[in-house]
Amino acid sequence: MPEQARTSRGFGRVLVAVYAIFALSATARSGVQLATGFSDAPLAYLLSGLAAVVYVVATIALARGAERTAVAAIGVEAAGVLGVGLLSVMQGALFADATVWSDFGRGYGYVPLVLPAVGLWWLRRVTHRSAT
Amino acid sequence: MTHEVAYTLAIAALLPAAGAAWLAVRGHQVTDALFYAVSVIEVALLVQLVGGCIALARTDRDVDGVTFVSYLVTVVLVPPAAFLWGVAEKSRWGTGVLVVGMLTVSVLCVRILDIWTSGHA
């Protein structure tokens, strides 16, 4: 790329790094889960797969400056962590195994809960700054 | 023995993380000293990769070998990736990328120990 996208400059540089780590770990986790025992916990493993796709899309979109795609991916991420977090706390029996988003991301130091809020804040800031 | 290696690496990786955090707060770009500190960690991680593979071949415990080696390889890739991504940003945030990278290395080293001791991911 000749020049950096505005979403991956400045603080965005750190944000993309954090998203990349989650993309990598969610992909690895769901790859292993889907390959070794899909029938053990189909709902949890499908959600792990969805989480992996969302993190990969968000990482690439932020890195390349695809702002609308980034907003959509991070929106799905926010809905996912809140929805799955709530369901896993209220109806734990639905999930035979943990996902990245279970218990609001407790297994990952609650970073999955904070990350979409930070991501949306950053995208809003980037787009607003250019408008003025 | 393995515990000492894993914890030493996990704590050692926190040193450049703390140094990078200090530089980032003060608004500095990535410095030469930080580059050398990260390089030292990288060499230690390469030694861990080789040592871990030898230990895996010799052990009679029930370790999930594929997961163990994939973590050993992943952790080696993190510092160069963080450095390349971070150095392109000529501001404190480039240094911030190294903070994230080194914290990740630290967490991964503890996870590697978990995999070694429990036998599962």
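A quick note: this is a predicted structure, and the numbers were derived from the prediction, not measured. Lettering follows sequence order; numbering is per chain, from 1.
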**Asked** At a heavy-atom separation under 4.5 Å, does B:Ala24 approach chain A through its side chain, its backbone, both, or neither?
**Response**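 Neither; nothing under 4.5 Å.
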**Asked** What part of B:Thr74 is in contact with chain A, defined as an atom under 4.5 angstrom from a non-hydrogen atom: side chain, backbone, both or neither?
**Response**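 Interface part for B:Thr74: side chain.
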**Message:** Same cluster or not: B:Phe68 versus B:Val73, using hydrophobic residues (I, L, V, M, F, W, Y) connected whenever any side-chain heavy atoms lie under 4.5 Å apart?
**Reply:**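 Yes; B:Val73 is reachable from B:Phe68 via cluster members.
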**Request:** Consider only side-chain heavy atoms of I, L, V, M, F, W and Y, link residues closer than 4.5 Å, and tell whether A:Trp121 and A:Val71 are in one cluster.
**Result:**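 Hydrophobic grouping puts A:Trp121 with A:Val71.
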**Prompt:** Between the side chains of A:Thr99 and A:Ser102, does any donor sit under 3.5 Å from an acceptor?
**Reply:**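 A:Ser102 and A:Thr99 do have a side-chain donor-acceptor pair below 3.5 Å.
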**Message:** Looking at B:Trp22, I'd like to know if its CH2 atom is crowded, meaning that more than 12 non-hydrogen atoms belonging to other residues, nucleotides or ligands lie closer than 6.0 Å.
**Reply:**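 No, CH2 of B:Trp22 has 12 or fewer neighbouring heavy atoms, counting only those of other groups under 6.0 Å.
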**Prompt:** Just wondering, more than 12 heavy atoms not from A:Arg68 lying within 6.0 Å of its CZ?
**Reply:**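 Check fails, neighbour count at 12 or below.
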**Message:** So that I know where these two stand, are B:Trp116 and B:Tyr71 an aromatic pair - ring centroids less than 6.0 Å apart?
**Reply:**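 Centroid distance B:Trp116-B:Tyr71: not below 6.0 Å, so no.
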**Request:** Compute the ring centroids of A:Phe104 and A:Tyr110, then answer whether they are less than 6.0 Å apart.
**Result:**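 Judged by ring-centre distance (under 6.0 Å), A:Phe104 and A:Tyr110 do not meet the cut-off.
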Straight-line distance of [X] [atom1] to [Y] [atom2], nearest 0.5 Å:
X       : Y        : atom1 : atom2 : value
A:Ser8  : A:Ile60  : OG    : CD1   : 13.0 Å
B:Leu9  : B:Leu113 : CG    : CG    : 11.0 Å
B:Leu34 : B:Gln29  : CG    : CD    : 12.0 Å

**Prompt:** Taking only heavy atoms into account, what residues of residues 10-20 of chain B are found under 4.5 Å from chain A?
**Reply:**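 Within residues 10-20 of chain B, near chain A: nothing under 4.5 Å.
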**Item:** Residues of residues 12-24 of chain A near chain B, each having a heavy atom less than 4.5 Å away
**Value:**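 Those residues of residues 12-24 of chain A which have a heavy atom under 4.5 Å from chain B are A:Arg13, A:Val14, A:Val16, A:Ala17, A:Val18, A:Ile21, A:Leu24.
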